[in-house]
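This chain uses plain numbering: 1 for the first residue, then up along the sequence. These numbers come from the heavy atoms of this one structure, side chains and all, not from hydrogens, waters or symmetry mates.
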Amino acid sequence: MSRDRTRRELPPVQEHIDKLKKVVEEGNGYGALQMYKSISARYVTAQRFSEALDILFSGACVELEHGLVNCGADLAILFVDTLVKAKSPCNDESLDRIRCMFKLFPRVPVPPHLVDVSDDEDVHNLQESLGEARSRVDNLTSFLRAAIRWSAEFGGPSTGYPELHAMLADYLYTECPELDIVRISRHFVRAEDPEKFASMLINFMGRCYPGEDDLAIARAVLMYLSMGNMKDANLLMDEIKKQAETLSESDLIQFITYLLETLQRDALPLFSMLRAKFKSCIDREPLLNELLDEIAERFYGVQRKNPLQGMFGDIFKMMG
């Protein structure tokens with residue numbers, strides 16, 4: 001069958017949307033998922049991308065509204081894949097649909113990890129809740145990472161559309177059972193919202209182990225600087241000072257304060273002297289030295305011994 005004939009024979013898309021919605025409402029979400037996939041594929045084959053996107057968007061929303069997160073996430077990811085196939089630009093219409101699907105991903109408070117280990121039912125319920133939370137986070141992460149890659153390729157910034165990074169960072173912070181502050185920070189520094197990032201860090205400082213608060217702040221500032229973003233690095237520190245009741249006066253925070261002042265001038269010797277003087281606190285985490293190597297290269301042209309060592313290279317920027 002020719003593509004032109006396929007184009008003519010495909011029925012109006014609203015017929016499919018209405019029919020498949022009923023299938024989900026009748027309790028057959030998985031069956032509907034297979035139909036959403038096969039029917040949208042016919043429209044893609046006929047290069048009727050707009051209609052394929054209508055079907056997939058409707059399907060993702062309907063499945064998510066009915067609590068079928070795995071099915072809804074599959075269709076949300078397929079929606080983004082179809083944007084890529086259609087070479088659809090990163091515009092308000094597509095971003096609005098991504099926002100809408102994102103808002104439908106459930107947010108369910110994870111119960112406290114402290115349970116009576118002698119009570120098998122408590123342990124089982126906790127394990128089940130944690131497993132469901134991880135699954136939700138994995139599904140949402142796959143969807144938004146795909147959206148970030150699409151936005152980077154089709155008209156957005158090279159690191160991806162900032163709001164998509166903000167969405168992912170926020171969901172990871174509030175919903176992930178195992179908090180990975182480094183991963184979350186990587187997205188926040190691309191979200192162009194240092195005020196919100198500061199609020200998250202202040203909240204984290206109330207939850208983290210003693211002595212981790214200054215490390216989280218230093219890491220965040222250095223991440224901004226490794227991207228050459230002096231403005232947001234300074235804004236972040238200003239916001240943290242405004243919002244925090246008390247701020248650590250550790251050696252690491254002193255180093256960050258001096259570093260921000262040093263980078264405003266052409267002062268490589270002073271930069272090197274600071275690294276040497278505060279070496280012991282910088283060495284608390286290998287990532288800090290990697291970020292400082294990137295900062296030295298960006299601000300002073302100092303080549304790294306191993307250019308592949310940086311954690312913020314082009315691969316990560318495209319992966320989101």
Side-chain angles (χ1 to χ4, degrees), residues 148 157-160 162 165-166 168-169 172-173 179-194 196-198 200-201 204-205 208 211-241 247-248 250-320:
I148 289 167
S158 62
T159 55
H165 283 288
L168 183 50
L172 288 172
Y173 185 69
L179 201 59
D180 185 344
I181 198 67
V182 176
R183 181 184 182 195
I184 293 164
S185 296
R186 285 172 179 165
H187 288 289
F188 259 122
V189 296
R190 287 164 171 76
E192 296 184 357
D193 193 348
K196 187 172 183 179
F197 192 8
M200 184 278 289
L201 286 171
F204 174 74
M205 286 160 60
C208 66
E212 283 192 348
D213 51 353
D214 62 341
L215 196 55
I217 294 170
R219 190 191 298 120
V221 171
L222 294 180
M223 284 181 178
Y224 274 127
L225 294 174
S226 73
M227 299 168 62
N229 191 345
M230 277 280 290
K231 177 184 175 183
D232 284 347
N234 279 288
L235 279 173
L236 181 73
M237 280 302 294
D238 290 343
E239 279 297 317
I240 289 172
K241 290 173 183 176
L247 183 61
S248 167
S250 70
D251 287 349
L252 195 53
I253 294 299
Q254 288 183 46
F255 168 70
I256 291 298
T257 302
Y258 294 143
L259 179 65
L260 287 170
E261 295 173 358
T262 299
L263 293 177
Q264 294 179 28
R265 58 185 115 164
D266 186 9
L268 176 58
L270 181 55
F271 173 84
S272 300
M273 185 186 76
L274 279 175
R275 287 190 71 170
K277 180 178 179 180
F278 289 92
K279 184 177 186 302
S280 61
C281 63
I282 295 169
D283 286 346
R284 285 168 56 191
E285 182 175 276
L287 176 57
L288 301 186
N289 274 304
E290 291 185 27
L291 292 170
L292 284 166
D293 287 344
E294 293 186 24
I295 292 165
E297 182 175 27
R298 183 175 290 274
F299 284 84
Y300 299 117
V302 178
Q303 292 294 315
R304 295 195 299 269
K305 292 179 181 178
N306 179 6
L308 298 178
Q309 73 183 37
M311 298 184 68
F312 289 83
D314 293 337
I315 293 177
F316 173 75
K317 290 176 183 178
M318 294 305 298
M319 291 296 290

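- Contact check for I256 versus D214: no side-chain heavy atoms found under the 4.5 Å cut-off.
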Before giving the answer on side-chain contact (heavy atoms from CB on, under 4.5 Å), spell out for D293 and R275 the whole-Å C-alpha distance, their side-chain angles and the decisive distance to 0.1 Å. CA-CA 10 Å; D293 287 344; R275 287 190 71 170; 3.0 Å; yes
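- For the pair D213 and L247, the minimum side-chain heavy-atom distance is 4.5 Å or more.
- Rounding to the nearest 0.5 Å places CG of L215 at 9.5 Å from CD1 of I253.
- A salt bridge does not link R284 to D251: none of the charged nitrogens lies less than 4.0 Å from a carboxylate oxygen.
- The distance from atom NE2 of H187 to atom OG1 of T159, rounded to the nearest 0.5 Å, is 11.0 Å.
- Heavy-atom minimum distance, I240 versus A198: CG1-CB, 3.9 Å.
- Between R190 and D232 there is no salt bridge, since none of the side-chain N atoms of the basic residue sits less than 4.0 Å from a carboxylate O of the acidic one.
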Evaluate the side-chain contact (heavy atoms from CB on, under 4.5 Å) criterion for residues I181 and R219: first the C-alpha distance (whole Å), next the side-chain angles of each, then the deciding distance (0.1 Å), finally the verdict. CA-CA 10 Å; I181 198 67; R219 190 191 298 120; 3.3 Å; yes
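- With contacts defined as side-chain heavy-atom distances shorter than 4.5 Å, the pair I217/L252 does not qualify.
- Side-chain contact between L263 and Y300 is present, with at least one heavy-atom pair separated by less than 4.5 Å.
- In this structure, M237 CE and L260 CG are separated by 6.5 Å, a value rounded to the nearest 0.5 Å.
- Within the model, atoms OG of S226 and CG of L287 stand 8.5 Å from one another, a figure rounded to the nearest 0.5 Å.
- In this structure, V302 and F271 have side chains that are not in contact, with every pair of non-hydrogen atoms separated by 4.5 Å or more.
- You'll find the side chain of L225 stays beyond 4.5 Å of the side chain of L291, heavy atoms only.
- Separating the CZ atom in F197 from the CD atom in E239 is a distance of 12.5 Å, to the nearest 0.5 Å.
- Counting non-hydrogen atoms of neighbouring residues, nucleotides and ligands closer than 6.0 angstrom, the CG atom of D283 exceeds 12 such neighbours.
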List the steps, then state whether side-chain contact (heavy atoms from CB on, under 4.5 Å) holds for L292 with F255. CA-CA 12 Å; L292 284 166; F255 168 70; 3.9 Å; yes
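- Remark: F188 CZ to L201 CG distance equals 8.0 Å, nearest 0.5 Å.
- Closest approach of P194 and L236 over heavy atoms only: O-CD1, 3.6 Å.
- Residue F278 qualifies as enclosed at atom CZ: its count of foreign heavy atoms under 6.0 Å is above 12.
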